[in-house]
Each structure stands twice: as structure tokens, then as C-alpha cells.
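Single-structure report; data block below.
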Amino acid sequence: MSDGVNNNSEPKGRFRAFVSYSHADKAAAQRFHRKLETYRLPAHLRETAAAIEPDGRVGAIFRDREDLPAAQDLTESVKEALFQSAALVVLCSPDAQQSPWVAREIELFRELHPDRPILAALLRGDPEQAFPEPLRQGREPLAADLRKQGDGARLGFLKVVAGIAGVPLDALINRDAQRRVRRVTAITVTAVAAMVVMALMTTFALQSRNEAQVQRQEAEGVIEFMMTDLRTDLRAVGRLDVMKAVNARAAQFYNSQGDLGDLPTDSALRWARILHAEGEDQLSVDDRQGALDSFGNAHAVTQKALDAKPANPDALYTHAQSEYWLGAVYFEMGRVPKAMPHFHAYRDVAYRLLKVAPEADRSKREVGFAEGNVCAMALQEPVRPQVALTACRKATRQIESLHSANTASTQLKSELANRYAWDADSSYAAGDSENAVLLRQRQLGLIQEAIAIEPDSAELKQNLMLAELSLGELYHKLEDPGAAKQLALRAQTRAAKLKILDPDNAKWRVWSDRIQRLIETLEGE
């Protein structure tokens, strides 16, 4: 054999995989190599996986690009590593396509091991621009698309792991998601246990009023953690069931306090935020009446707190949320006349908050959201395009100013993406289809930027699915069925993955049905 590798002996199988890549992709290759070598298969899959380590790792992965000399052929160490590798992973990019080393490694691996898997992981560019020529010859390689618009970093990585370890991809995805959820659930259990302890201490520490107040403050500190940091983590992994348990525990604590009308302002506002969270979760399972009850109870609490302290920024902000949520539920139910008074009240309170705290980001954000609601109402029948355009542009400018000051914030990227979506609808209503498409594309791009920062966020994946669906529907209206179907199919794939995370999420089911209807419509045309 021309490359000088001894082909008469059996390969020792020292390496589970050989990673081939261009020098231009060195940083990405280093990260990918580190993730492969440190990833541990879930215990449930280790029995069926091919030749993995006892601790669940896939085994040693060979990566070598730094020591290659400026020669015409591969080094002996690289040839030996290829000979001893059970699989080849090719990190594909336009640079990899032009690399003679990557091409030669593919050719030699195929020559040495015609029956062993070659896994193509797409880093950059389209497959036509990124796949090296030898990869496109012969048997089609197993491919994972690591790009944001493809499988994404996490799913693409799991595809490669599944190919190396010889385990079903679906099983690996499910077990990996469960593993990440268990981490969050462990935090939940700790937090709930701590809160229960605090609640019991509050209930039984009646010997002294001061001692009872101290105990309540400590318990409320735990509750605040549960309703902020913990809730954010749970939303990221799509665990509505755990969120509901957290809300129930927090509600149980406040209901044990006796007359809630006598709570101090801070405690009352915290109680209202728990009711807001409870209402959000009820909306997620399509319990609109339950959500109305929760938001209505919160409204009564925040109105009383605001009456007591009309210039208190926290009271203004929390009451604004009560007005918003009541308006949002009525709006979602199609009861626009019932929604309008709450949305107008929300805007009034938002501007009061801006006057009291003009430099605070949340004041500017609330004004943006409030103007956005006016835009949304103006897009209902009878549509008032100019009213919608004016309000939407005000809302977009507010959030754009916040995002420009903090471009790394995924929350602001999501909020600005939402503003672009409504701005697109108002542009379409005003007859400016070209601007509507541009704004929808901006929405899509911002969400993809956010996912690049938080690749495991279920909420961001949901937003991306909706952005693709909405842009697909817009292309359908503009009679571009090819672009519409491509986006609809992408959205359908994302919806299926989300439903695996949380089968009880009613909204995800509704959106999945809407995507399916669009696909069926396009196929029938």
C-alpha cells in the first residue's frame, strides 16, 4: 500500500474516533474534541453501546493537526492513528473542503476500513461548499448539521455520539434531556425542602412577633429564589410539572399566613408574583379560566399595594403585570373589548413607572410592551394599519435601545424579536410586504443569536419554531410555496423535539397542529 501502513495486522482499536478538520477550524475542533472525550453515555444505554469505557465515556478520540509538517503526505503517527480508529469524524467547512490533509485522511480511512463509519459534522457553509470531495464519493456519510439553522450544536453533537457509540439517536436525545432535567429537578427538591422548613418554622414560631417576622423573611427569601432563578432554569428545560409544584408550595406558605390583606407591601407583591406565575403555567396547559382567576386575584393584591404606595416602583411594576396578564388572556380568548381596558391601564401604569424611574431598564421595557399591545389591538378587526404601525414602531424603538446597550442579553434578543414580529404584521397590514419579510427575517436571526448563547433553552427553541412558522405563513400569503414549505418542515421538526421534552404542554400541541395544517395546505396546492 502506497502510504506505508502495515495492513496485515488487525487494528488495535485504540481510538474510538479520529477527528479530521482544517487548521482554520482549530478552535471549533478543540471544543468538539473535548466534548467528545468528556461526554458520558447515560447508564441505560451503556449495555448496548459499542466498546465504551466502564464509566460511560466513548473512549479516546484522536485529533492532530498541529504537528503536521509542510510535506506532501501524512505523518506516520497520523496514519497509525487512522489505522487504530473505529470511526472517522470529519468537521466540514469551506476550509475543510479545500484542505488536502482532510481529503487524504478520508481517502486513507476508507482504504483501511471500508466497513467502518464516517461521520460528517457540518460546521460552516452549505454541504456543497463544505463537504470534501472524497466524502461525496461512494457511500453517503452519516451527517450531523451543527449549524444554528440545522440540527444545532447540541443535537448535532448527539448525532455524532450516537454514530460513534452505536446507540439509537432518539434514545440518546431522550436520556440526555432527562439527565439535564434531573439536574434542575435536584435544585427544585432542595429549594422546596428548604421552603417547607422555613414555612414550618414560621408557623410554629409564635412565641415572639419579632421571631415570626424573621422566620417569614427567611422563608420568603427562599421563595424569591424559587420564583426567579429556579423558575428561569425550569422554563429553559420546559418542565411545567415541576414549576407547578413550586407554585403550589409557595401558595401553601402564603395561605398559612392568615389574612393576606395584612401582608406588608413587599410580601404582598411577592404573593402577587406567585399568582402571576401560577396563571402563566395554567395558560401553558390551556386552562384559561384558571389563569383568569389567578391573574384576577393578583390584580386585587397589586391594586391594594399601589393604592397604599402610588409612587413605589415595585408596586407600579407588579400592578402593570397584573393589568397586562388579564388583557393578554382576554385577547387570546378573542374577547378584545374585555382586553382593551386592561391594555390601556397597562400603558398608563407603564408611563407612570417611567416617570418615577426614568433610567430603569424595566421602565423602558414596560413602555415598549405597552405600546406593543396597542399595536396588537389595532391589528384586530376592524384593522387600523396606521395606528398599528405607529404603536409598533414606538415599541420597537424602546426595545432596540435596550438591546443596543446590552447585545449579549438573550432576554432582550427574544423581546426585540417579538417586537419585529408584530412590526412585520403591521407592515403587511399597511401593504408593505417587502418590509414585513425583512422584519420576520430579523426576528429569526435574533432568536438564532440567542440560541447560540443558550443552546439548551426550550423557550428559545419554541420561539425559533414560531418564527419559522410565521415566516412560512407569510411566504405562503406572498405565493412562495417553496420557501413556505421549507420553513414549515423545519418548524415541524422543532415542534416534535419540544413535545418530547414536555408532552403535556398544550401550546406546543396547538402550534404543532398549526404547522401540520400549513404543510397540508402547501402540499394540496
Side-chain angles (χ1 to χ4, degrees), residues 260-261 263 265-266 268-283 288-384 386-399 402 415 418-419 422-423 425-426:
L260 297 179
L263 287 173
T265 299
D266 288 348
L269 295 177
R270 189 175 288 114
W271 168 231
R273 289 195 291 272
I274 290 168
L275 290 170
H276 291 158
E278 183 177 78
E280 281 190 76
D281 295 342
Q282 287 163 326
L283 278 180
R288 294 175 180 176
Q289 187 56 54
L292 278 177
D293 292 342
S294 295
F295 294 136
N297 291 335
H299 187 277
V301 173
T302 56
Q303 183 67 69
K304 183 175 181 179
L306 187 58
D307 289 343
K309 295 186 176 181
N312 182 293
D314 288 338
L316 283 163
Y317 174 78
T318 311
H319 186 60
Q321 304 309 298
S322 296
E323 295 286 10
Y324 163 74
W325 279 115
L326 281 170
V329 179
Y330 283 125
F331 184 79
E332 191 173 303
M333 296 170 72
R335 300 169 67 181
V336 176
K338 291 283 288 184
M340 287 181 68
H342 292 290
F343 281 154
H344 284 305
Y346 175 41
R347 184 170 61 171
D348 292 343
V349 176
Y351 276 105
R352 284 171 60 187
L353 178 62
L354 185 65
K355 185 175 181 180
V356 170
E359 300 304 319
D361 284 356
R362 73 175 179 181
S363 303
K364 301 171 187 175
R365 178 185 279 113
E366 290 308 299
V367 169
F369 291 163
E371 292 290 359
N373 292 334
V374 173
C375 168
M377 287 189 293
L379 288 170
Q380 303 304 301
E381 295 292 344
V383 177
R384 293 165 292 157
Q386 291 307 315
V387 173
L389 272 176
T390 300
C392 261
R393 297 292 156 80
K394 285 182 181 179
T396 299
R397 284 196 295 271
Q398 285 282 4
I399 307 303
L402 292 169
E415 292 170 1
N418 182 259
R419 296 273 47 88
W422 282 104
D423 216 344
D425 287 350
S426 63

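A quick note: this is a predicted structure, and the numbers were derived from the prediction, not measured. Residues: numbered from 1 along the sequence shown.
- Of all the heavy atoms in Val374 and Arg347, the pair that sits closest is CG2-NH1, 3.6 Å.
- Taking the side chain as every heavy atom from C-beta outward, Leu269 and Tyr317 never approach each other to under 4.5 Å.
- Rounded to the nearest 0.5 angstrom, Thr318 OG1 and Leu275 CG are separated by 11.5 Å.
- Shown here for Ala370 and Ala350, the closest heavy-atom pair between the two residues is CB-CB, 4.1 Å.
- Residues Arg362 and Pro313 meet the side-chain proximity criterion, which asks for heavy atoms closer than 4.5 Å.
- Across every non-hydrogen atom of Gly296 and Leu326, the tightest pair is N-CD2, 3.8 Å.
- Here CG of Leu316 is found 12.0 Å from NZ of Lys309. Values are rounded to the nearest 0.5 Å.
- Partners of Ser363 under the side-chain hydrogen bond (donor to acceptor under 3.5 Å, both in side chains) rule, at least two apart in sequence or in another chain, do not exist in this structure.
- Nearest heavy atom pair, residue Ala395 against residue Gly368, reads CB-O, 3.1 Å.
- In terms of heavy atoms, Gly290 sits closest to Gln282 at O-OE1, 2.9 Å.
- Taken from CZ in Arg365 to CD in Glu415, the straight-line distance is 4.0 Å, to the nearest 0.5 Å.
- Of all heavy-atom pairs between Ser294 and Glu278, the closest is OG-OE1, 2.8 Å.
- Between Asp423 and Arg397, no side-chain nitrogen of the basic residue sits less than 4.0 Å from a carboxylate oxygen of the acidic one, so the salt-bridge criterion is not met.
- Distance check, rounded to the nearest 0.5 Å: CH2 of Trp325 to CG of Leu292 gives 12.0 Å.
- Proximity of Gln321 to Glu366: side-chain heavy atoms (C-beta onward) are separated by under 4.5 Å at one or more points.
- Taking Glu323 as the reference, nothing meets the salt bridge (Lys or Arg N to Asp or Glu O under 4.0 Å) condition, with sequence neighbours excluded.
- For the atom pair CD of Glu371 and OH of Tyr346, the computed distance is 10.5 Å after rounding to the nearest 0.5 Å.
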Worksheet item: What's the verdict on salt bridge (charged side-chain N to carboxylate O under 4.0 Å, His left out) for Asp314 and Arg270, showing C-alpha distance, side-chain angles and the deciding distance?
Response: CA-CA 10 Å; Asp314 288 338; Arg270 189 175 288 114; over 6 Å; no

Item to complete: Take Glu332 and Arg288 through the test side chain to side chain contact (heavy atoms under 4.5 Å, CB included) and record every step on the way to the result.
Response: CA-CA 9 Å; Glu332 191 173 303; Arg288 294 175 180 176; 3.6 Å; yes

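- Between the CG atom of Asp307 and the NE2 atom of His319 there is a distance of 8.0 Å, given to the nearest 0.5 Å.
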Item to complete: Show your working on side chain to side chain contact (heavy atoms under 4.5 Å, CB included) between Tyr324 and His342 and close with a plain yes or no.
Response: CA-CA 6 Å; Tyr324 163 74; His342 292 290; over 6 Å; no

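- Looking at Thr302, its side chain does come within 3.5 Å of a backbone N or O of His299 through a donor-acceptor pair.
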